[in-house]
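Notes follow once the structure below has been shown.
Just so it is clear: chains get the letters A, B, ... in the order the sequence lines come, proteins before strands, and each one is counted from 1. Keep in mind that what you see is a predicted model, and the values were worked out from it rather than measured.
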Amino acid sequence: MVNSRRDFIKVSAIGTAGIMAIDPITKAIGNTFAAKKGPVRTPTYCEICFWKCAGWVYKDDEGNLNRIVGHEDDPSCNGRLCPRGSGGLGMYNDEDRLKFPMMRVGERGKQTFKRVSWDEAFTYIADKLETLKKEHGPECAALFTHGSGGDYFGRLIKAYGSNNITAPSYAQCRGPREVAFIATFGQGLDSPEPTDIRDCKCLVLIGSHIGENMHNGQVQEMSDAIDKGATIITVDPRFSTAASKSKYWLPIKPATDMALLLAWIHVIINEELYDKKYVEQYTTGFDQLKAHVAANTPEWAYGITTIEPNVIRETARTMAKEAPATIVHPGRHVTWYGDDTQRLRAVAILNALLGSWGRRGGFYNPEKAKVPAIPTPEYPHPTRTWRDAMGGKYELADLALANGVCTATIPNAQMDCHIRAWIVNGTNLIETLPERHKTIEAIQNLDLMVVVDTMPMEITGWADIILPECTYLERYDSIRASQYREPTIALRMPAVQPKYETKPAWWMAKQLADKMGLGAYFPYKTHEEELDWQLKQMGTSLEEMQRVGLKKFERHYDDLYFKEGEPQEFLTDSGKIELYSNTFASAGFDPLPVYTAHPQPEDGFYRLNYGRAPMHTFTRTANNPVLTDIMDENTVWVNPKVAKLWGFANGQKVWLKNQDGVVSSFPIAVRITERIRWDSVFMVHGFGHANKLLTRAYGRGASDSEMITHVDIDPIMGGTGMRGNFVTFLTEKAEGGAKV
Amino acid sequence: MRYAMAIDTKKCVGCSDCVVACQAENNVPIGFCRDWVVEVTDGTYPELELENRSERCNHCENSPCVRCCPTGASHYAEGGIVLVTEDKCIGCSACITSCPYDARYVHPKGYVDKCTFCVQRLKNGLKPACVSVCPTKCMYFGDLEDPNSDVSKVLKTRKHKTLIPEAGTKPHLYFLI
Amino acid sequence: MREEIIVSGRMNELIDPHLQVWNWEIPAYLFLGGLAAGILFFAGLMTLQGKEKEFETTIKRAPLFTPLMLGIGLLFLFLDLKHKLYFWQLYTTIKLESPMSWGAWTLLIIMPVSVAWAGMYIKTIFSNFKWPYPNIAEAFEWISKQKTILAWIMVITSVILGIYTGILLSAFNARPLWNTSILGPLFLTSGLSTGAAFIMILSKDEHERHALARIDLLLIAIELFLIIHMFMGFRASTQVQIEAANMFLGGTYTAIFWTFVVVLGLVLPAALEIMSLKKLKVPYYIAPALVLMGGLILRFIMVYAGQMSRWLY
Ligand SMILES: Nc1nc2c(c(=O)[nH]1)N[C@H]1C(S)=C(S)[C@@H](COP(=O)(O)OP(=O)(O)OC[C@H]3O[C@@H](n4cnc5c(=O)[nH]c(N)nc54)[C@H](O)[C@@H]3O)O[C@H]1N2
Ligand SMILES: Nc1nc2c(c(=O)[nH]1)N[C@H]1C(S)=C(S)[C@@H](COP(=O)(O)OP(=O)(O)OC[C@H]3O[C@@H](n4cnc5c(=O)[nH]c(N)nc54)[C@H](O)[C@@H]3O)O[C@H]1N2
Ligand code: SF4
Ligand code: SF4
Ligand code: SF4
Ligand code: SF4
Ligand code: SF4
Ligand SMILES: [Mo]
């Protein structure tokens, strides 16, 4: 493969009516090398994480995939993919990929499979689902999905008659944040978050580790903000990359953020630093809030958080000084300690006091293009859902809880029928959900377990049927309609034919639907047909999108920010920003956030802190040949004082054992670093793979998930707080130690 | 013409995208790299400082690798870029030994390889691959002799350093601090 | 605590965690080069001084081995090359700034010189020896007549070769341990000393041995002086050189260097040589054997330790 002489499409072939700027590569090389035949770049949007950056896939002269480059006009990436997106070809080239449909032979979970044809696989699934429907009703099926294929399998399972559709990106991720912001502003944040970081003057990061959390547009905007001299305040017990770029780093004692947030609110109210007009005009419950935080002085918070009172005051004043161009960032993976919705309520309240919601440099009002759905018959109305197993709890959850579906799968007295069939698409539940023993117990109670994946992951090992999906570079998917300052749509199309016998999810769902007599819900032959229909409704076409990749639309309303003094209607009960939450009050929860103490580690144990490394996504990239070349295992970060106590040398391998006696399957190398406190350890999530078929990832590093056997369930929305686990070290693996 | 690169350590997050992009652009075989990212942490918790640096060949003006090369394979090209001619290189490793920055590696094919400032892209008016991909836009590239180039402008306004200036190599990779 | 890591996982075993591009081939090559240089130097020198009688082994026998030594040395150099098929590129340019280059050229010159010298004397040693072709014999006849010129060339090129073996390393500013002008003279002296030692082992003539032992004692004294001087220089220099020197003063290489190079390779042989000069009974080959071992280990240590020393930034 030689790079220097790639073919590029002619400049004139790209861009209609000035919709997109000409890609600079094309501009420069297009003239030099006149176009040969056919396009050599095809549009895509990235599937390595859920930021979904739009990009171009380039091929070389021999027609081999050569590289992926960001789409210049995409606000998610501005022409620059992150390392994971740039390394996307590794996913296509990974020789460990799933290659053929497989059927389990022998015991579930024992990883013995035989190769079957697609038809055999579909027949098996269709027959099983048919029987289950007859015996238990269609509500006994559930779909776990995280990724593009969810659209198609979602349609399939709804057509079948079930509404049990869930993603780990809710109860294990941003659920508490959505519920808190909906309760406060009547509106969730969704993804990508409408934070106006580019124009902010003060950015407050509470845990949110942008820079390691490589959500692209956000990282780029933080960098812009640094360029413009914005003050960054980072609250993190670990010296995160973001902390190192911050003017103020508040090395908070873990699990005490609520005290800091209340103290900030206290200072801002007591020093009358809040946006009076805004609070007056848009909010309700200020007086209750004021009374509520009266005792939450910085001195009080100091005792809890270890953050000096003067630092609390100074940072509060800075926030207020730059307001409304101050963002108290809501974070994303916020399921930490079980009172997460309340913590995020405090964040929302703080933003409301600063008047940053709806203001430039704060939170803008995003807009998303509406992609019309192709007409299909009405879906059946299920009579039962996973919620029936919850005993009336978590009513405020606006999406299904992945862990709730697990609970509903384990037979229990409240339900007349537990869930008996799972389709798992693009989520590695074994590593993704905490309390692994519970996930496995649920799986063991299933009559049918279908896994749609691209790689032989932990979850595929538990399948009855494995359906190998081709990678995002080899397929069409639904149109990406991301919310932004302006609405955009982006197309993903195959850059190459699928390798091996892999197939796209849309095709699988349609084949299954046809087999199950549900073909009417997929009224087209190919996905192109559907996409073209949808795009034509939007005033473009598949043909145009194949050329431009991404299209921007005008906003419908000029309401990116609130107009000065203009009245606003919020979608809360009161129609105002609820500092005091009526919804929470009537549901029996604290209407104003309250500090509760959380357990701290016992002697010899350390709080298990985990997070992201910029070059990997969860567990999905751990075998990617390009990205493992950059980082091939995780380490456990240990403070030098702790290392000394244990006599650790840098790089020494240890096993972890948690408070419940669970020992890590694999050893992990110690990284002695000042970046972590003495009461915690840190590790990057996504390593310690146990599936031997992952030749690069197997046994590399250790899994944080394996250590998370304790969860603090958020009483409001059922999120799984995962940061209340404590580990100690073993220098030799305990024989036959408690293993789940 | 004098090409140079500046990297803003205040913005670099150490994501290593520059490395991935370089490997793709320059067909760097798996297991090797022309650029790499260093993280330096100083201090004691919680009094800490951290610097991220994306490093590569410094395209030194007084470059020991060019001097010690017995065959002339290592040479200066236009704009002061230090290059290796593959079929002149005998793989003696002298240049690797001579480089205080450990910027070179032996390509599996036997010759020595390193950052070229992406000459093939420069010829086409493009920025180096690493510069054009960096999500934090913390890399600046251009001609030092052109006062309007990105790199000249940023060096004029920002405090900066080079690595081991005392080695006397006159490096042209600048780090904004 | 200061922590410096490469987060992008550079797993280049030749440079991480520290430089290790040069393995046994290079020190072995340097040793053989220095040894051959030493032998040829004494052969040339004694010839010019007209001491053919007193120094028979020095002039006639020992140099017979030098083409082989140089050949093996070159082979080792070749083995070290990673792009071997392009070896010939070495001889397409002369780059004076590159010790590798002028070293290669010096070898190219000294190799035929050593062959000529050996060819000239092969018959005096093996009286039965016969050249297969008469014109070869004639050629050597002719060469014998130019002996003085050849001796001059030999003295000069062997000194260049000897210095080269040291300068090759000291040209590398990037490696603080090598970054000293003492390395050239040190390796030259050590090369001469190993050359003398080699001749001593071969020589059956006690007078010759004693004469060489006297020379060797002087060389050893110079070497010790240079080594002490080198470390004093490092200690008085920059932090990186202090750290480089520390590898020998309490660090990784301390035991092996002081035991094998200094005590067993210099001090002990010197003592033994003095003893034998004082007519005490010691087997004559022990001292020179130790010198040879010391010289070999010196080169290994300097090549490996030098690669471990680095600039800090
Ligand atoms: N490279 C990369 N980027 C990603 C992803 C990925 O897989 N890889 N995943 C994406 C997804 S889906 C999500 S949800 C986001 C998650 O990214 P974030 O929302 O930024 O993640 P968090 O888990 O909230 O933050 C982790 C940080 O919280 C700190 N922390 C731990 N305990 C405490 C505490 O008690 N208080 C405070 N204040 N801080 C604490 C940790 O030290 C760490 O720095 O990342 C996204 N970006
Ligand atoms: N211990 C622990 N648990 C966590 C987190 C944590 O930080 N620590 N983070 C939580 C958060 S914030 C989130 S959002 C979730 C994320 O949870 P998941 O989305 O489950 O994350 P991954 O581990 O990346 O699993 C993705 C699966 O999809 C497969 N896959 C990748 N591409 C495709 C594709 O194109 N098609 C199909 N069909 N499959 C594909 C991968 O092979 C892999 O098996 O995890 C949550 N759980
Ligand atoms: S942020 Fe990175 S991994 Fe996520 S979609 Fe964008 S390029 Fe892909
Ligand atoms: S791509 Fe940019 S931000 Fe990322 S490591 Fe390289 S220089 Fe730093
Ligand atoms: S950095 Fe190293 S390889 Fe690059 S020019 Fe300087 S000495 Fe040569
Ligand atoms: S390895 Fe190649 S480039 Fe380096 S010094 Fe030797 S010949 Fe020159
Ligand atoms: S300039 Fe080009 S060759 Fe050099 S590191 Fe950047 S991408 Fe690689
Ligand atoms: Mo997430």
Flag the pair F117(B) / F141(B) as yes when their ring centroid distance falls below 6.0 Å, and as no otherwise.
yes

Can you check whether V13(B)'s main-chain N or O pairs, donor with acceptor, with K245(A)'s side chain at less than 3.5 Å?
no

Using 4.0 Å as the upper bound for N to carboxylate O, is an ion pair formed by R198(A) and D224(A)?
no

For the pair T617(A) (side chain) and C49(A) (backbone), establish whether a donor and an acceptor sit closer than 3.5 Å, ignoring hydrogens and angles.
no

Going from CD1 on I177(B) to CZ on F175(B), what distance comes out if it is rounded to the nearest 0.5 angstrom?
11.0 Å

Counting only non-hydrogen atoms closer than 4.5 Å, does N639(A) touch chain B with its backbone (N, CA, C, O), its side chain (CB onward), both, or neither?
side chain

A54(A) backbone acceptor or donor facing D74(A) side chain under 3.5 Å:
yes

Using a strict threshold of under 4.0 Å (side-chain N to carboxylate O), is an ion pair present between K137(B) and D8(B)?
no

Given a strict heavy-atom distance threshold of 4.5 Å, which part of R84(A) is in contact with chain B: side chain, backbone, both, or neither?
neither

Under 4.5 Å from a heavy atom of chain B, the part of L81(A) involved:
backbone

Specify which of S223(A), P614(A), G85(A) makes the most heavy-atom pairs with chain B at under 4.5 Å.
S223(A)

Run the side-chain donor-acceptor check on residues 142-149 of chain B: report pairs under 3.5 Å with partners two or more places apart or on a different chain.
from    : atom 1 : to      : atom 2 : distance (Å)
D143(B) : OD1    : R2(B)   : N      : 2.8
D143(B) : OD1    : E145(B) : N      : 2.8
E145(B) : OE1    : M1(B)   : N      : 2.4
D146(B) : OD1    : N148(B) : N      : 2.8
S149(B) : OG     : D143(B) : O      : 2.8
S149(B) : OG     : D146(B) : O      : 3.1
S149(B) : OG     : S152(B) : N      : 3.2
S149(B) : OG     : S152(B) : OG     : 2.8

Kindly say whether L163(B) contributes a backbone atom to a donor-acceptor pair with the side chain of Y101(B) at under 3.5 angstrom?
yes

Less than 4.5 Å apart, side chain to side chain, heavy atoms only: is that true for I7(B) and R56(B)?
yes

I'd like to know if R696(A) pairs up with D94(A) as an ion pair, taking the criterion as any Lys NZ or Arg NE/NH1/NH2 lying under 4.0 Å from an Asp or Glu carboxylate oxygen.
yes

As an exercise, state the distance from NE2 of H209(A) to OG1 of T234(A), rounded to the nearest 0.5 Å.
12.0 Å

Let's test your reading of the structure: which of S244(A), P640(A), G217(A), P625(A) forms the most heavy-atom pairs below 4.5 Å with chain B?
S244(A)

Contacting moiety of S86(A), where chain B heavy atoms sit under 4.5 Å
both

Identify which of M615(A), M631(A), R675(A) forms the greatest number of heavy-atom pairs closer than 4.5 Å to chain B.
R675(A)

Under a 4.5 Å heavy-atom criterion, the part of residues 32-48 of chain B in contact with chain A comprises F32(B), E39(B), T41(B), G43(B), T44(B), Y45(B), P46(B), L48(B)

Between NZ on residue K228(A) and CD1 on residue I197(A), distance to nearest 0.5 Å
11.5 Å

Nearest-0.5 Å distance that lies between atom NE2 in H215(A) and atom CZ in R612(A):
8.0 Å

Less than 4.5 Å to any heavy atom of chain B: does that hold for the side chain of I676(A), its backbone, both, or neither?
backbone

Scan side-chain atoms only and decide if H172(B) and Y174(B) contain a donor-acceptor pair under the 3.5 Å cut-off.
yes

Which of residues 127-135 of chain B get closer than 4.5 angstrom to chain A, counting heavy atoms alone?
V131(B), S132(B), V133(B), C134(B), P135(B)

The reported gap from CD1 in I30(B) to CD in Q23(B) (rounded to nearest 0.5 angstrom) is 7.0 Å

Can Q218(A) and H329(A) be counted as having a side-chain donor-acceptor contact under 3.5 angstrom?
yes

Residues of residues 58-83 of chain B with a heavy atom under 4.5 Å from any heavy atom of chain A, in residue-number order, are none

Any idea which of G31(B), C138(B), A21(B) has the most non-hydrogen atom pairs under 4.5 angstrom with chain A?
G31(B)

